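See structure below.
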Amino acid sequence: MNLKDKVVVITGASKGLGEALADSFSKEGCKVVVSARSKEALEALASRIGGYAVQADVRAEKQLLDLADKAAKKYGRIDVWVNNAGVRIPHSELNEIDWKRAHDMMEVNYFGTAYGTKAALKYMKKQQSGIILNILSTSALQGRAKSSAYAASKYAARGFTDAMRNEVKEDGITVIGVYPGGMKTNFFDEQVPDDIGKYMDARLVAEKIIGNLKIDTPETEQTIRRPNT
Ligand SMILES: NC(=O)c1ccc[n+]([C@@H]2O[C@H](COP(=O)([O-])OP(=O)(O)OC[C@H]3O[C@@H](n4cnc5c(N)ncnc54)[C@H](OP(=O)(O)O)[C@@H]3O)[C@@H](O)[C@H]2O)c1
């Protein structure tokens with residue numbers, strides 16, 4: 001796909017991978033709509049890349065439908081929608097899991113992805129074209145000890161992604177699941193892994209995601225592991 005002038009919406013764009021994706025899509029000449037809850041960070045990013053900031057909490061379906069409406073009203077269409085917003089809770093054994101936080105994580109990581117997809121499809125189905133990118137994790141490929149709640153939220157989003165890919169393929173819409181390994185972002189502020197120094201730079205991961213979109217037939221499942229893992 002030639003990305004020039006394509007309209008791209010990114011959730012969870014106030015920092016980390018979402019921000020790196022916003023920068024990279026912008027360098028490709030895309031019209032980028034950046035969304036998250038943090039207003040100031042979003043506005044600073046939008047002004048840096050010449051994009052459009054729309055505040056939204058992905059746990060609220062209505063806010064994502066509004067995000068799609070605002071993006072389409074401003075730029076006329078939606079070509080790429082990235083469901084990137086995500087949260088984690090500290091690694092812990094089953095008995096130590098904070099269930100309130102685990103429920104909230106499911107709201108963001110799974111329901112946020114589902115609501116975002118529904119909002120994007122409102123426009124992509126009319127266009128009979130579009131790409132939906134769901135940022136999952138290698139934790140959606142392999143259940144790791146002490147990460148059961150996070151893995152469950154990402155496996156849920158993975159199952160949703162696979163089903164949606166089949167549901168909309170006749171509409172000219174491609175649904176891509178991206179499975180990154182560890183990235184050095186604020187994701188780990190609450191519990192920093194000992195080997196975070198070996199984690200990937202989010203900008204590198206963003207470049208790989210965009211590289212996949214630029215080929216004629218993108219991989220619909222893209223795993224991006226850190227070197228030597
Ligand atoms: N870092 C890793 O090692 C890693 C590995 C594999 C997959 N991932 C996935 O990659 C994605 C990005 O993670 P990251 O590492 O960039 O994390 P991050 O630096 O913590 O950024 C997370 C983003 O999600 C947004 N967000 C969180 N809750 C939200 C909500 N309720 N509504 C809207 N936005 C919300 C945050 O913005 P606000 O707080 O401003 O709303 C922020 O922009 C996530 O889906 C994560 O699961 C990360």
Side-chain angles (χ1 to χ4, degrees), residues 9-24 32-46 51 53-67 81-91 101-117 119 132-142 144 147 149-158 160-161 176-206 208-209 222-226 229:
V9 180
I10 308 169
T11 69
S14 60
K15 56 188 173 180
L17 179 63
E19 182 180 10
L21 282 166
D23 276 323
S24 298
V32 185
V33 182
V34 289
S35 184
R37 293 166 303 173
S38 309
K39 194 163 182 272
E40 275 182 27
L42 275 186
E43 283 174 355
L45 171 62
V54 179
Q55 231 182 334
D57 186 324
V58 300
R59 294 169 294 185
E61 179 184 0
K62 167 88 171 60
Q63 292 187 32
L64 289 187
L65 292 170
D66 286 349
L67 167 61
W81 181 289
V82 190
N83 288 307
N84 167 74
V87 292
R88 71 185 287 274
I89 58 175
H91 280 174
R101 289 190 65 185
H103 275 268
D104 185 67
M105 182 166 61
M106 193 61 98
E107 289 283 335
V108 177
N109 294 358
Y110 163 58
F111 285 101
T113 298
Y115 299 151
T117 301
I132 296 173
L133 273 175
N134 291 341
I135 306 301
L136 305 168
S137 169
T138 50
S139 292
L141 298 172
Q142 174 196 16
R144 300 186 178 99
S147 184
Y150 180 69
S153 72
K154 289 291 184 178
Y155 267 81
R158 176 188 174 191
F160 173 82
T161 300
I176 298 176
V178 181
Y179 303 88
M183 295 177 281
K184 260 175 267 170
T185 66
N186 295 100
F187 206 52
F188 299 103
D189 282 356
E190 203 181 343
Q191 184 191 46
V192 182
D194 293 338
D195 59 345
I196 193 151
K198 294 183 185 156
Y199 282 22
M200 295 180 287
D201 187 324
R203 287 171 298 190
L204 179 89
V205 175
K208 290 193 171 177
I209 292 170
Q222 184 183 20
T223 303
I224 307 171
R225 290 188 192 276
R226 59 191 165 107
T229 57

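Position 1 is the first residue of the sequence; numbering continues from there. Just so it is clear, the model here is predicted, and its values are computed rather than measured. Just follow the structure's listing: the first ligand is 1, and inside any ligand the first atom is 1.
The shortest N/O to N/O separation between Ser137 and ligand 1 does not fall below 3.5 Å. For a threshold of 3.5 Å applied to N or O pairs, the pair formed by Thr138 and ligand 1 contains no separation below that value. Of the N or O atoms in Gly182, none lie within a sub-3.5 Å distance of an N or O in ligand 1. The shortest N or O to N or O distance between Met183 and ligand 1 is under 3.5 Å.
No side-chain N or O of Thr113 forms a donor-acceptor pair with one of Asn134 less than 3.5 Å apart. A side-chain N or O of Ser139 and one of Arg144 form a donor-acceptor pair less than 3.5 Å apart.
When hydrogens are left out, the protein atom nearest atom 46 (C) of ligand 1 is Phe187 CZ, 3.5 Å; that is the closest non-hydrogen contact.
Summarising the local packing, CZ of Arg101 is surrounded by more than 12 heavy atoms from other residues, nucleotides or ligands at distances under 6.0 Å.
Without hydrogens or angle criteria, Tyr179 side chain to Ile224 main chain gives no donor-acceptor distance under 3.5 Å.
Ligand 1 lies out of reach of Tyr179, whose nearest heavy atom is not under 4.0 Å from it. Contact annotation: Lys154 has at least one heavy atom less than 4.0 Å from an atom of ligand 1. Residue contact annotation: Leu42 has no non-hydrogen atom under 4.0 Å from ligand 1. Not a single heavy atom of Tyr199 sits under 4.0 Å from any atom of ligand 1. By the 4.0 Å heavy-atom criterion, Ala202 is excluded from the residues contacting ligand 1. By the 4.0 Å heavy-atom criterion, Asn186 is counted among the residues contacting ligand 1.
Counting heavy atoms only, Asn84 comes closest to atom 44 (C) of ligand 1 of the residues Asp104, Asn84, Ile196, Val108. Evaluated by nearest non-hydrogen atom to atom 9 (C) of ligand 1, the leading choice among Leu17, Val178, Leu136 is Leu136. Between atom 35 (C) of ligand 1 and the options Ala20, Ala85, Gly116, the minimum heavy-atom separation is to Ala85. Closest heavy-atom approach to atom 33 (C) of ligand 1 within the set Gly16, Ala56, Gly12: this belongs to Ala56.
You'll find the side chain of Leu133 stays beyond 4.5 Å of the side chain of Gln222, heavy atoms only.
Residue-level proximity to ligand 1 for Ser35 is absent, since no heavy atom of it falls below 4.0 angstrom. When non-hydrogen atoms are compared, ligand 1 lies under 4.0 Å from neither the backbone nor the side chain of Phe111.
Exactly one of Ile176, Asn109, Val82 qualifies for a side chain to side chain contact (heavy atoms under 4.5 Å, CB included) with Ile135. That residue is Val82.
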